Number of protein chains: 2
Amino acid sequence: MQVQDTPLVRKLGAFVALSDPELEILGRMHGRPRSFPAGVDMVHEGQVKRSAYVLASGWVCSYKTVAGGGRQIVDFQVPGDFLGLRSLLFRTADHNIEPVTRVEASEVLISELIDGFTRAPRLATAVLWAASRDEAMVVEHLVSIGRRNAQERTAHFLLELGARLTLVGLGTQEGYACPLSQYLLADALGLSAVHINRVLRELREAGLMSFQKGRVEFHDFAGLVALADFDLAYLDHDGPLLK
Amino acid sequence: MQVQDTPLVRKLGAFVALSDPELEILGRMHGRPRSFPAGVDMVHEGQVKRSAYVLASGWVCSYKTVAGGGRQIVDFQVPGDFLGLRSLLFRTADHNIEPVTRVEASEVLISELIDGFTRAPRLATAVLWAASRDEAMVVEHLVSIGRRNAQERTAHFLLELGARLTLVGLGTQEGYACPLSQYLLADALGLSAVHINRVLRELREAGLMSFQKGRVEFHDFAGLVALADFDLAYLDHDGPLLK
DNA sequence: CGAGTGATTGAACGGTCTCAATATGTGTGG
DNA sequence: CCACACATATTGAGACCGTTCAATCACTCG
């Protein structure tokens, strides 16, 4: 099988130097393609029959709803990310998953995953690392919402998305394509869409960055990192941690 | 070896029905006791040499600091909880761990953990479940801070702590002993200590609950659950999920 | 061309913060 | 046992950040 350059391979490859047999096993995980339209939940809270997926293209968001009718987006997933790993061990899914754009994803059977791990334990480590990194991002998100004001929070979030996309080859320090609406951004950052709009304007007028017409552009990367108190380290790798 | 009734055994036992050999392996994890005074960090951000621990007695908090000098407490750990599992795969710890009270904990070597899993795979499942549950709590915390007002947030948090403590035999629907100061509560809930004080007074005057002199008392459990939009399901088990 | 979605801006309200002062409790040293 | 320092809890007053409501604009798609 030809060595592939999928987002998943690129991401895990940043952590573990992958051998040919390992690449081959990963390649097989892309064998069960599924397609989902934007805006229709792939998984909803309380759903019993669940699957895990690897995102091939498109963006999705994971969210929970609250009594008042609002919702909190916990995280977005971009190509190369896993979906639904966390609640595999629960009786029912504990959150909703909604595609932000049209999405192509590969369904991963749990048995397949376990089997892959048995034959290539280093893959298990790589996936665990990816899961730990996901949780670290949720934690950083929590810190943002709890202790940063709207500007810092917004800047931090868009920087982090940039770092993740860069890891899978979909972004640079110049910017990236971003299909999120200001409403989605608001639901993710615990702010109102109106206020997001004002904050984006302030950031633009300060010459730090812009987010318009589906594209995030960093105009003063260092300044933005300083404003957001963004830690480059935890997404920055000089190369695989495991050779 | 005598079958033990430690908080860890009690918690994992709620998820997986544990056999004698499994209990014996768990018991051995309590073989490396350590003691820590209140207020002195056990682990700090960026620290390279890390250990994992199982909490035997006392409370600790995990937190991250932000530029302005503030901090956000991500979670508290109570007896039976693991410490430091998440960042095991990172080069350095990504958060601080501070004992809230004097703490007794057992150091767990990574090799020991892996070895235990090899000989008792069901233990691995149980620990993974515990880790997933921890992450689910962080997510719920995120939702609280993002989308609930101060009253709902405070009520939700104290209810969740109660549910966790009940799981290890340290609380009931009547209440529980709680060593947290209003400052710690504030750092956890993304509020100021002054406002926490007012919120606690409102909850008390509404006849819902009280938190005074180190003790949380639920006066109207159902009313509090309704106010907080608290989901009893995800911490509520009729018995082990795996027989 | 009309409808719907997303972006933008203004004005007023309100939840939470900050600053400040006063209790209350607890441990320490004299 | 008292005096004191120190942490924690409590309460008030004013300021500020972000919300809500409302209107207008821009763009896309039928």
Side-chain angles (χ1 to χ4, degrees), chain A residues 37-40 59 61 66 68-73 98-102 144-155 157-158 177-205 209-217 227, chain B residues 37-40 59 61 66 68-73 98-102 144-155 157-158 178-205 209-216 227:
Chain A
V40 182
W59 290 36
C61 67
V66 295
R71 71 168 177 177
Q72 176 65 46
I73 292 179
E98 177 188 314
V100 169
T101 65
R102 171 154 211 89
S144 265
I145 294 185
R147 288 296 169 205
R148 288 194 248 260
N149 66 28
Q151 276 203 23
E152 300 164 350
R153 205 185 295 183
T154 306
F157 181 77
L158 294 175
C178 178
L180 304 179
S181 71
Q182 295 185 352
Y183 289 89
L184 285 168
L185 221 44
D187 281 344
L189 294 176
L191 297 166
S192 68
V194 171
H195 200 57
I196 285 282
N197 184 282
R198 290 189 229 279
V199 166
L200 288 177
R201 174 156 56 85
E202 288 161 11
L203 291 174
R204 193 181 335 122
E205 286 171 357
M209 60 161 295
S210 68
F211 176 17
Q212 282 172 324
K213 298 180 195 302
R215 194 158 170 86
V216 169
E217 310 257 11
L227 167 68
Chain B
V40 181
W59 290 36
C61 66
V66 296
R71 71 168 177 177
Q72 175 66 44
I73 292 178
E98 177 189 314
V100 170
T101 65
R102 171 156 210 88
S144 264
I145 294 185
R147 288 295 169 206
R148 288 194 249 259
N149 66 26
Q151 277 203 21
E152 298 164 350
R153 206 184 293 184
T154 305
F157 180 77
L158 293 175
C178 177
L180 305 179
S181 71
Q182 296 184 350
Y183 290 89
L184 285 169
L185 221 44
D187 282 345
L189 295 176
L191 298 166
S192 68
V194 171
H195 200 57
I196 285 282
N197 184 282
R198 290 189 230 277
V199 166
L200 288 177
R201 174 155 57 84
E202 288 161 12
L203 291 175
R204 193 179 337 122
E205 287 171 357
M209 60 160 297
S210 68
F211 176 17
Q212 282 173 322
K213 299 180 195 300
R215 198 160 165 86
V216 169
L227 168 69

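Because the structure is a prediction, the values reported are computed rather than measured. What's counted below: heavy atoms across the whole structure, side chains too, no hydrogens, waters or symmetry copies. Reminder, nothing fancy here: chain letters follow the sequence lines and each chain counts from 1.
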Practice problem: Round to the nearest Å and state the distance from His195(B) atom NE2 to dA15(D) atom P. | Solution: 19 Å
Exercise. May I have the distance from Leu185(B) (atom CG) to dT8(D) (atom P), rounded to whole angstrom?
Key: 13 Å
Quiz item: Counting any heavy atom closer than 4.0 Å, what does Gly190(B) reach on the DNA or RNA strands: base, sugar-phosphate only, or nothing?
Solution: sugar-phosphate
Quiz item: If you look at every heavy atom in Val216(B) and Cys178(B), which pair is closest and at what distance?
Solution: CG2-CB, 3.9 Å
Practice problem: Ignoring the backbone of Ser181(B), work out which of dT19(D), dT8(D), dC17(C) is nearest its side chain. | Solution: dT8(D)
Practice problem: Working to the nearest 0.5 Å, report the span between CD1 of Ile73(A) and CZ of Arg147(B). | Solution: 9.0 Å
Exercise. Figure out the CG/C1' separation between Asn149(B) and dG18(D), and round it to whole Å.
Key: 14 Å
Self-check item: d(CG, Asp187(B); P, dC17(C)) in whole Å
Solution: 11 Å
Quiz item: Ser210(A) and Arg204(A): which non-hydrogen atoms are nearest, and at how many Å?
Solution: CB-CG, 4.0 Å
Practice problem: Please work out if Leu200(A) contacts a base, only the sugar-phosphate, or nothing of the nucleic acid, heavy-atom cut-off 4.0 Å. | Solution: nothing
Quiz item: What's the closest nucleotide to the Asn197(A) side chain, out of dT11(D), dG18(D), dT8(C)?
Solution: dT8(C)
Exercise. Calculate the interatomic distance between Ile145(A) atom CD1 and dC17(D) atom C1'; express it in whole Å.
Key: 16 Å
Quiz prompt | Given dT8(D), dA20(C), dT20(D), the nucleotide with the shortest approach to the side chain of Val194(A) | solution = dT20(D)
Quiz item: Reckon Ala193(B) touches a base, only the sugar-phosphate, or nothing at all at heavy-atom distances under 4.0 Å?
Solution: nothing
Self-check item: Length of the line joining Leu191(B):CG and dG15(C):P, which is rounded to integer Å
Solution: 14 Å
Quiz prompt | Gap between atom CD1 of Ile196(A) and atom CG of Leu191(A) - 0.5 Å precision | solution = 5.0 Å
Exercise. Please figure out whether Arg198(A) or Lys213(A) has its closest DNA chain D nucleotide nearer the 5' end.
Key: Arg198(A)
Quiz item: Could you state the CZ-C1' distance from Arg204(B) to dT10(D), rounded to the nearest angstrom?
Solution: 10 Å
Quiz prompt | Donor-acceptor contact below 3.5 Å, side chain Arg153(B) vs main chain Leu189(B) | solution = yes
Quiz item: If only side-chain N and O atoms of Gln182(B) are considered, is one of them under 4.0 Å from the OP1 or OP2 phosphate oxygen of dA7(D)?
Solution: no
Practice problem: Nearest whole angstrom, please: distance from the P of dG18(D) to the CZ of Arg153(A). | Solution: 7 Å
